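Working notes, structure below.
None of these values were measured; they are calculated from a predicted model. Numbers here are sequence positions counted from 1.
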Amino acid sequence: MSKAVFVDRDGVLNRPIVRSGKLLPPAGLDELQLLPGVAEACAALRTAGFLVIVVTNQPDVARGTQNRQTVEAIHKVIREKVPLDDIRVCYHDDADGCECRKPKPGLLLEAAKDWDIDIGRSFLVGDRWKDIEAARNAGCRAVQVENGHPEKEDGSVSPDLRVPSLKEAADWILQR
């Protein structure tokens, strides 16, 4: 079985957009800005034998404030610049009650099944409590990127480690 690093998108791979004090995904390609060191971190993880799989909630599609084509165009650019094995997306909102929206583990478990991943040997790197809880719900270790935008945490879960960027997360994972 393979091992993987599941990576959240907004706030970990790319800079989140701040509007009215709220963190939002880029509205289009013109707002997409990859964070420093993400391509190198993902390459190092893959060289060490990890699959690198993005797992991202994109509820603005369900809310009607973003379209799926724009999300897919953003992913196309990210794939061109960052070595990834897969991108898994939940387009639902909380009210949809799906199994794929983090903090539920559906995106991770589906990818684990498709890629023959040993979840117990895998990690998730995210910037929000929903990411950390999804990791716990799936059964993998969790690293939280603290991007300078404090988020109200639900307090029920804690990461294994807090770091300032994906690079530090990758360095720690590679030492395990």
Side-chain angles (χ1 to χ4, degrees), residues 4-35 38 42 52-82 84-115 117 119 122-140 142-159 162 165-166 169:
V5 176
F6 299 99
V7 182
D8 181 46
R9 191 188 84 176
D10 304 315
V12 177
L13 289 180
N14 59 275
R15 192 171 311 284
I17 306 303
V18 181
R19 287 192 186 95
S20 302
K22 190 173 180 179
L23 294 180
L24 300 170
L29 293 175
D30 58 321
E31 290 185 344
L32 177 63
Q33 183 181 6
L34 292 175
L35 291 167
V38 298
C42 291
V52 178
I53 300 174
V54 174
V55 288
T56 180
N57 289 345
Q58 294 299 317
D60 289 344
V61 173
R63 296 172 186 157
T65 57
Q66 177 67 282
N67 66 61
R68 195 174 183 137
Q69 294 79 10
T70 301
V71 173
E72 290 171 3
I74 289 170
H75 291 164
K76 182 176 186 280
V77 170
I78 291 173
R79 280 182 180 274
E80 290 168 356
K81 297 182 178 190
V82 180
L84 302 171
D85 293 289
D86 200 358
I87 298 178
R88 299 293 174 117
V89 184
C90 173
Y91 290 106
H92 304 107
D93 199 355
D94 287 328
D96 294 327
C98 68
E99 292 301 313
C100 56
R101 184 162 166 76
K102 295 178 290 180
K104 291 185 180 176
L107 286 178
L108 286 78
L109 297 178
E110 180 183 292
K113 181 181 172 193
D114 292 347
W115 287 89
I117 294 168
I119 287 281
S122 298
F123 300 81
L124 181 141
V125 181
D127 66 329
R128 296 183 168 208
W129 72 265
K130 287 184 177 188
D131 300 315
I132 306 310
E133 189 167 322
R136 297 298 187 229
N137 289 338
C140 64
V143 180
Q144 185 172 10
V145 171
E146 294 184 326
N147 57 20
H149 301 285
E151 181 195 31
K152 180 182 170 189
E153 295 186 22
D154 93 336
S156 65
V157 293
S158 295
R162 287 184 170 91
S165 74
L166 180 58

Task: N-O pairing of E133 and R128 below 4.0 Å - done: no

Open item on the list: On a heavy-atom basis, which atom in P103 and which in N137 lie closest, and how many Å separate them?
Closed with: O-ND2, 2.8 Å

Open item on the list: Which heavy atom of A142 sits nearest to which heavy atom of A135, and what is that distance?
Closed with: CB-CB, 3.7 Å

Task: Distance (rounded to the nearest 0.5 Å) between I17 CD1 and R19 CZ - done: 6.0 Å

TODO: Would you please name every residue forming a side chain to side chain contact (heavy atoms under 4.5 Å, CB included) with T65, sequence neighbours left out?
DONE: D60, R63

Task: Interatomic spacing from CG in L109 to CD in E99 - rounded to 0.5 Å - done: 9.5 Å

- [ ] Search all heavy atoms of L29 against all heavy atoms of A73 and return the closest pair with its distance.
- [x] CD2-O, 3.6 Å

Open item on the list: Any non-hydrogen side-chain atom of C98 less than 4.5 Å from a side-chain atom of C90?
Closed with: yes

- [ ] Enter the distance from R162:CZ to I132:CD1 here, rounded to the nearest 0.5 Å.
- [x] 8.0 Å

- [ ] Report yes if some heavy atom in the side chain of V143 is under 4.5 Å from a heavy atom in the side chain of P159; otherwise report no.
- [x] no

TODO: State, yes or no, whether a side-chain contact exists between Q58 and P25 at a heavy-atom distance under 4.5 Å.
DONE: yes

TODO: Output yes when D114 and R88 qualify as a salt bridge under the 4.0 Å nitrogen-oxygen rule, no when they do not.
DONE: yes

- [ ] For residues I87 and R79, report the shortest heavy-atom separation together with the two atoms involved.
- [x] N-NH2, 3.3 Å

TODO: Flag the pair S122 / F6 as yes when at least one side-chain heavy-atom distance between them is below 4.5 Å, and no otherwise.
DONE: yes

Open item on the list: Listing request: all side-chain hydrogen bond (donor to acceptor under 3.5 Å, both in side chains) pairs with a residue in residues 69-78, at least two apart in sequence or in separate chains.
Closed with: R9-H75, N67-T70, R68-E72, K76-E80

- [ ] Report the C-alpha distance between L23 and D10 in whole Å, list the side-chain angles of each, state the deciding distance to 0.1 Å, and finish with yes or no for side chain to side chain contact (heavy atoms under 4.5 Å, CB included).
- [x] CA-CA 9 Å; L23 294 180; D10 304 315; over 6 Å; no

Open item on the list: For a 4.5 angstrom cut-off between non-hydrogen side-chain atoms, does L166 reach C42?
Closed with: yes

Open item on the list: Do V145 and D131 make a side-chain contact, defined as non-hydrogen atoms from C-beta onward lying under 4.5 Å apart?
Closed with: no

Open item on the list: Return the OG to CG distance between S165 and L35, rounded to the nearest 0.5 Å.
Closed with: 8.5 Å

- [ ] Answer with yes or no whether the side chains of W115 and D85 bring together a donor and an acceptor at under 3.5 Å.
- [x] no

- [ ] Calculate, to the nearest 0.5 Å, the distance between atoms CG and NZ belonging to N14 and K81 respectively.
- [x] 11.5 Å

Task: Interatomic distance, E146 atom CD to D127 atom CG [nearest 0.5 angstrom] - done: 10.0 Å

- [ ] Compare all side-chain heavy atoms of V54 with those of L13 and state whether any distance is below 4.5 angstrom.
- [x] yes

- [ ] State, with a plain yes or no, whether a side-chain heavy atom of I53 is found less than 4.5 Å away from one of L84.
- [x] no

TODO: Measure across A62 and D93 and return the closest heavy-atom pair with its distance rounded to 0.1 Å.
DONE: CB-N, 3.8 Å

Task: Donor-acceptor pair, side chain of D86 and main chain of V52, under 3.5 angstrom - done: no

Open item on the list: Check this for me: does any side-chain nitrogen of one of K130 and D8 sit under 4.0 Å from a carboxylate oxygen of the other?
Closed with: no

Task: Qualifying residues under side chain to side chain donor-acceptor pair (under 3.5 Å), relative to D96, sequence neighbours excluded - done: none

Task: Heavy-atom closest pair, residues C100 and H92 - done: SG-ND1, 3.2 Å

